[in-house]
Amino acid sequence: MNMTSAEIRTAFLEYFQQHGHQIVPSSSLVPHDDPTLLFTNAGMNQFKDIFLGSEKRDYTRAVTAQRCVRAGGKHNDLDNVGYTARHHTFFEMMGNFSFGDYFKHDAINFAWGFLTEILKLPKEKLLVTVYAEDDEAYDIWNKEVGLPAERIVRIGDNKGTRYESDNFWQMGDTGPCGPSSEIFFDHGEHIWGGPPGSPEEDGDRFIEIWNLVFMQFNRQSDGQMLPLPKPSVDTGMGLERVSAIMQNVHSNYEIDTFQDLIQATARLIGCDDLSDQSLRVIADHIRSCSFLIADGVMPSNEGRGYVLRRIIRRAVRHGNRLGCKDVFFYKLVAQLVRIMGAAYPELLTQQPMIEKVLRLEEEQFAKTLDRGLLILDDALAKIEGTEVPGELVFKLYDTYGFPADLTADVARERHFTIDTKGFEAAMQAQRERAKQASQFDVDYSQTIQVDGKTEFVGYQSLAADAKVVALFKDGQSVISAEGDVQIVLDKTPFYAESGGQAGDKGSMTFAGGELVVTDTSKVGNAFVHHAQLTHGMIQIGDTLHASVDSRKRQATALNHSVTHLLHAALRQVLGEHVSQKGSLVDANRLRFDFSHLDAIDNTTLEHIEQLVNQQIRANLDVSTVIMGLDDAKQAGAMALFGEKYGNEVRVVKMGEFSTELCGGTHVKTTGEIGLFKILHETGIASGVRRIEAVTGQFAVDYVQKLQQQLHIAASELKGDIFTVAERIVQQQERTRGLEKELAQLQAKLAAQAGANILDQVQEVNGVKVLIADLAGVEAKSLRTTLDDLKVKLGSAVIVLGTVNGEKVNLIAGVTKDLCSKVKAGELVNVAAQLVGGRGGGRPDMAQAGGTQPAQLPAALQAAKLWLNDQL
């Protein structure tokens, strides 16, 4: 049964949907609020908080087709991409998940049913592995599914360390973990390799296609394995690997999606050999680059952006290897959209942005690629042996932007290796920064864990009576406390920081005490109030009255609501490619980050500001409604970058101008915002711009301060505020004229000074020597004076000095015929040492500076004595 990749993906999602699973869209490749990951590299990443117990959703079964990238940090397949049959930077992981619902029995039977009934794979071609101690999984496979014992392989611990096994999965050093069962497909006896656990297991005959992880323990920091109260299931099946099986090919690069991209690349470049490994590399890399840019990553020199830049440059270099001299990579985006746009609509909406980013990056790299390759080729021809020195690898990286793995790629093609240790030593500082960017180890047992959910009543009211259900002091759970504490209530009017909106501040009162709330944050579904007791002691079970600072809440609401208007205005003026990349709103101002490649000129910025203010003056109604996620998207609501959404979402609508998914607090009508004023627009990363602005009274205050400054400037310029610019231009023209006159006068003064000192010329052993202090001559005129004196004297050694304020300037000149006897650089340094400085230059001319004006006579005398010795 031959199926396309798209048909397999659809069949998988529909199969598990029919078995009670919620279809959950793929999350972004940039993990949201997860510092442990560089990129999303597995289907379970977006469900991590559910497995950890800090988040709950309204479904207990889920199925996804998740886009993944492994090209940086701990999981890095970049070096192997294009050279093996199954390594990719980008791949799709299909998975089904149970959050305390079904366990091993159903997980195994679901997998077997999909493979043998839906895909109709021959049962005799399948074999499985189980953890050596997992008798339960073994019996299900053997007795329920009916798999013969010889096709069930028990995999034990590595080097005898318990639970350190290829078939025992763990999230980290602590946290959820458990045994796994992997399903393998036998590609046939004509391919070398043995079953898992055998000496030939690294061969390509038996290929793992599905991994079923059974989370049943919670590993403690002391190594104890405590049973999870609700065992869960996490599975992953590689779409590319299954597609290869269903399309009767052995390599992933022979499946439909890759063949389409390979053929498109070959046509574009003019390559006839479709088996060339460089075509594989390019076909793989256009997928990862396009999806990363669609998810907000931009090329840069650090973190995720640096990984993206490395992948782009590797693809461009392989295009160059195939003989392509023009930019080509960005042209493949259209073909990728045709192949995968239906499954991932964000590719289609972001296509113009993706193409522009790739084209600009490719053009930038093309300027240095040819030069770098020539240097590398020349160096390889001169190397004795087969190892490229680390210093050369670093030079190519530092000077020409060649990542070390790109140099290694080229070297491998020419049968060389690179001196990795030498390279790392040469760029220790950069390596340390990269290490910091990808060092992600989190001990989950040390984070605050709060069971239960806080009811948020802050949309309706700014005050509420509530009960203390959890209490923390310095991050540790306590019964009672004083001083600085973290409090969890059963309900609260305080908004917890999320979606870019700062947490509420305010106060709490209770019998015998009072607290000042300085911030509110969220842990799972609980709201944590960071507070300070002004007097009294608080304890669990206390009832208190919580009151939000209404002035700050309202000011924050103005700023949050206007970000929605700003987002819509930016998309209307700049284009649909604009998407929010982050925001921060508090009571004082707002900060809004968005995707856009170019700086925004003042005229366009004014247009955006006017458009937002038009919507404010229109006094649009702001409505909020709870609806299903799919319904919200169909209604045109924009989902923000990297945010996680449940089945039901809160939609904030401002007239017909803006519709977004948002959980924040907002005004009732846009007229409450009053005034919107942009303060700054700047770039914060490649392809990401930032606007900072103010609203309401803060905007009025800002405009009034601007007006005050304009009045002061107008008064100084003898005009009014509307002629300030004109008067400044006039003043600048007058200043430039005066500066020109001054320069002419200074040149005349210097020339006169030079003429006046000709009588100070002395002869030392037949050589004309002129050493003089040109008092009152500008430093910038010394060079002209020196040149004039050389012409007049014909053959001479000259030292000139001058003082300007607290600075000393020296210049030495030696005519060409005397450079063999005296070097100007040595001469000027003799004098410079006595005025607290040093200098240098050519043998015929050198300059120096100093900070001890009183020592100039002594310095000139020292130069004279030194010359007497030299000549």
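When all heavy atoms are compared, the tightest approach of Gly696 to Leu558 is CA-CD1, 4.1 Å. Shortest non-hydrogen contact noted between Gly663 and Tyr495 is O-CE1, 3.2 Å. Considering all non-hydrogen atoms of both residues, Val457 and Ala464 come closest at CG2-CB, 4.0 Å. The shortest non-hydrogen separation linking Ile673 to Ser561 is CD1-CB, 4.1 Å. Across Asn588 and Phe698, no two heavy atoms sit closer than the pair OD1-CZ, 3.4 Å. Residues Leu597 and Met353 approach most closely at CG-SD, 4.1 Å, considering heavy atoms.
Counting heavy-atom neighbours within 6.0 Å of Gln697 CD, excluding the residue itself, gives a total above 12. Residue Glu656 places its CD atom among 12 or fewer non-hydrogen atoms of other residues, nucleotides or ligands, all under 6.0 Å distant.
No side-chain donor from either of His666 and Thr624 sits under 3.5 Å from a side-chain acceptor of the other. No side-chain donor from either of Asn602 and Glu606 sits under 3.5 Å from a side-chain acceptor of the other. Side-chain contact check for Glu576 and Thr349: no donor-acceptor pair (N or O, by modelled atom type) lies under 3.5 Å. In this structure, a donor-acceptor pair under 3.5 Å is absent between the side chains of Ser547 and Ser507. No donor-acceptor contact under 3.5 angstrom links the side chains of Gln532 and Thr518, judged on distance only. In this model, no donor atom of one side chain and acceptor atom of the other lie less than 3.5 Å apart for Gln704 and Gln708.
Looking at Arg591 and Glu692, no side-chain N of the basic residue comes within less than 4.0 Å of a carboxylate O on the acidic one, giving no salt bridge.
Cation-pi geometry between Arg589 and Tyr702 is not met at under 6.0 angstrom from the ring centre and within 45 degrees of the axis.
Glu609 is linked by a salt bridge (Lys or Arg N to Asp or Glu O under 4.0 Å) to Lys677, counting only residues two or more places apart in sequence or in another chain. Residues meeting the ring-ring contact (aromatic ring centres under 6.0 Å, His included) test with His530, sequence neighbours left out: none.
Partner Val469 forms a side-chain contact (heavy atoms from CB on, under 4.5 Å) with one of Asp490, Thr454, Ile540 and no other, that one being Asp490.
Below 30°, between 30° and 60°, or above 60°: for Phe99 and Phe47 the angle between ring planes is between 30° and 60°, a tilted geometry. Ring pair His529/Phe494 is perpendicular by interplanar angle, where above 60° counts as perpendicular and below 30° as parallel.
Here the CZ atom belonging to Phe527 is positioned 10.0 Å from the CD atom belonging to Glu455, to the nearest 0.5 angstrom. We find the CD-CZ distance between Glu681 and Phe594 to be 5.5 Å, quoted to the nearest 0.5 Å.
Judged by distance alone, with hydrogens and angles left aside, the side-chain atoms of Arg650 form a donor-acceptor pair with the main-chain N or O of Gly664 at under 3.5 Å. Checking side-chain atoms of Ser658 against main-chain N and O of Leu565 turns up no donor-acceptor pair under 3.5 Å.
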Can you give each donor-acceptor pair under 3.5 Å made by side-chain atoms of residues 549-557, sequence neighbours left out, with the distance rounded to 0.1 Å?
| residue | atom | partner | partner atom | Å |
| --- | --- | --- | --- | --- |
| Asp549 | OD1 | Arg551 | N | 3.1 |
| Asp549 | OD1 | Lys552 | N | 3.2 |
| Arg553 | NE | Asp504 | OD1 | 3.3 |
| Arg553 | NE | Asp504 | OD2 | 3.0 |
| Arg553 | NH1 | Gly458 | O | 3.1 |
| Arg553 | NH2 | Pro493 | O | 2.8 |
| Arg553 | NH2 | Asp504 | OD2 | 2.7 |
| Gln554 | NE2 | Glu672 | OE1 | 3.1 |
| Thr556 | OG1 | Lys552 | O | 2.8 |
| Thr556 | OG1 | Ala587 | N | 3.2 |

Query - Asp586 vs Lys505, salt bridge (Lys or Arg N to Asp or Glu O under 4.0 Å): CA-CA, chis, key distance, verdict - result: CA-CA 11 Å; Asp586 58 23; Lys505 300 179 180 181; over 6 Å; no
